[in-house]
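Here the structure is a predicted model, which means the values were calculated and not measured.
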Amino acid sequence: MPQLKNKIAVVTGGTSGIGLATAKRFVEEGAYVFIAGRRQAEIDKAVAEIGSNVTGVKTDISKLDDLDRFYETVAKKGKIDVIFAGAAFVEKAMTSAATPQHFDQTFNTNARGTYFTVQKALPNLNDGASIILVASAGKNKGMPGRSTYSASKAALRSFVRTWTNELKDRKIRANVISPGAVDTPMFDDQYPSKEGAAEARKQITAMTPLARLARPEEIASAALFLASDQSSYIAGIDLPVDGGLTAV
């Protein structure tokens with residue numbers, strides 16, 4: 001039997017990479033999925049690729065009015081069973097060179113945007129629902145150029161601890177997934193050249209015990225586990241899906 005049959009799921013950052021792979025997997029497992037993304041052309045492409053049981057809504061999670069409009073659309077379908085909050089902004093910057101604009105954009109999307117993605121869903125969230133945030137293995141590593149990104153992702157770990165207590169009377173489970181490097185367009189976009197991206201892949205592969213980058217579908221499998229009844233007694237955890245990067 002499909003693990004998410006007749007469930008309604010929200011996937012932010014659902015137009016590419018991890019979010020798209022997760023939206024596809026949720027639909028395959030019986031869910032109706034609402035995906036949020038910032039660019040209409042990419043939303044249309046993702047909806048066409050998923051094919052059925054999906055609605056795309058142009059949404060910038062750093063803008064609260066956008067989130068309100070998004071959830072107004074979702075509410076027409078019914079109550080939410082799963083939130084997968086995967087939208088993120090990543091831009092490398094050494095601390096000495098980081099601008100206030102860089103800091104604000106990073107935190108407004110990754111921390112503030114994710115926080116209000118969940119907060120604004122609560123009135124339309126079913127009791128017993130699953131909340132899944134996407135952090136990063138990098139939050140546990142002191143990687144140069146990642147001070148703001150890693151800190152914004154560390155905030156998500158704190159959110160799920162608190163929500164596990166705050167939402168316990170509604171049996172809502174909140175967990176976080178912390179991927180390592182994943183083979184997505186976002187990975188390459190962080191580097192100014194193909195050569196730079198290739199060198200980064202080589203370095204990360206050497207650091208990772210499983211000696212490769214993750215596939216988006218592997219993160220989606222972890223998300224399905226946390227979304228489904230297979231994880232019914234799991235709450236408040238940080239699940240590393242990083243090929244052993246932070247374990248050794």
Any donor-acceptor pair under 3.5 Å from Ser152 side chain to Tyr149 backbone: yes
Atom of Ala85, atom of Thr12 and distance for their closest heavy-atom approach: CA-OG1, 3.3 Å
For the student: nearest non-hydrogen atoms of Val33 and Phe26, plus distance: CG2-CB, 3.7 Å
Backbone N/O of Thr106 and side chain of Thr109: donor-acceptor pair under 3.5 Å: no
Separation of Ile204 CD1 from Arg212 CZ (nearest 0.5 Å): 14.0 Å
Interatomic spacing from CD in Gln203 to OG1 in Thr208 - rounded to 0.5 Å: 11.5 Å
Worked verdict on Arg215 versus Glu218 for salt bridge (Lys or Arg N to Asp or Glu O under 4.0 Å): CA-CA 5 Å; Arg215 292 178 286 107; Glu218 292 175 305; 3.4 Å; yes
Same apolar cluster (I L V M F W Y, side chains within < 4.5 Å links), Leu122/Phe70: yes
Shortest non-hydrogen separation from Phe34 to Lys77 and the atoms involved: CZ-CB, 3.5 Å
Between Gln101 and Gln105, a side-chain donor and acceptor under 3.5 Å: no
Pairs flagged by salt bridge (Lys or Arg N to Asp or Glu O under 4.0 Å) wherever residues 80-99 is involved - sequence neighbours left out: none
Any donor-acceptor N/O pair, Tyr71 side chain to Thr117 backbone, under 3.5 Å: yes
NZ (Lys58) with more than 12 external heavy atoms under 6.0 Å: no
Heavy-atom closest pair, residues Pro216 and Val182: N-CG1, 3.8 Å
Ring geometry between Phe107 and Phe103 (parallel below 30°, tilted from 30 to 60°, perpendicular above 60°): parallel
Side chain to side chain contact (heavy atoms under 4.5 Å, CB included) between Ile18 and Ile177, worked out: CA-CA 11 Å; Ile18 294 170; Ile177 294 173; over 6 Å; no
Reported CG-to-CD1 distance for the pair Asn126 and Ile8, which is rounded to 0.5 angstrom: 8.0 Å
Over 12 non-hydrogen atoms of neighbours within 6.0 angstrom of NZ in Lys153: yes
Side-chain (Arg173) to main-chain (Leu226) donor-acceptor, under 3.5 angstrom: yes
Ser221 versus Arg25, side-chain donor and acceptor atoms under 3.5 Å: yes
Gln230 backbone acceptor or donor facing Ser228 side chain under 3.5 Å: yes
Between Ser178 and Lys139, a side-chain donor and acceptor under 3.5 Å: yes
Spacing of Leu224 atom CG and Thr22 atom OG1 [to the nearest 0.5 Å]: 9.0 Å
Donor-acceptor pair, side chain of Asn110 and main chain of Ala88, under 3.5 angstrom: no
Distance-minimising heavy-atom pair for Ala93 and Ser147: O-OG, 4.3 Å
Lys120: partners by side chain to side chain donor-acceptor pair (under 3.5 Å), with sequence neighbours left out: Asp68
Sidechain-backbone polar pair: Ser136 side chain, Gly138 backbone, donor-acceptor under 3.5 Å: yes
Donor + acceptor pair across side chains of Thr246, Asp242 (<3.5 Å): yes
Check: Thr59 side chain, Val57 main-chain N or O, donor-acceptor pair, under 3.5 Å: yes
Ile80 vs Lys7, side chain to side chain contact (heavy atoms under 4.5 Å, CB included): CA-CA, chis, key distance, verdict: CA-CA 7 Å; Ile80 301 164; Lys7 303 290 188 182; over 6 Å; no
Chi angles and distances behind the side chain to side chain contact (heavy atoms under 4.5 Å, CB included) call for Leu64, Asp66: CA-CA 5 Å; Leu64 302 191; Asp66 276 19; over 6 Å; no
Check: Ser62 main-chain N/O paired with Arg112 side-chain donor or acceptor under 3.5 Å: yes
Residue Arg38 excluded, over 12 heavy atoms near CZ under 6.0 Å: no
Closest approach of Gly236 to Asn175 (non-hydrogen atoms, all atoms of both residues): N-OD1, 2.9 Å
Aromatic plane relationship, Tyr115 with Trp163 - under 30° parallel, 30 to 60° tilted, over 60° perpendicular: tilted
Under 3.5 Å: donor-acceptor pair, side chain of Asp229, backbone of Gln3: no
NE2-CZ distance between His102 and Phe89, expressed to the nearest 0.5 angstrom: 7.0 Å
Check: Thr15/Arg39 side-chain N/O donor and acceptor closer than 3.5 Å: no
Evaluation steps, side chain to side chain contact (heavy atoms under 4.5 Å, CB included), between Ser158 and Leu156: CA-CA 5 Å; Ser158 181; Leu156 307 191; over 6 Å; no
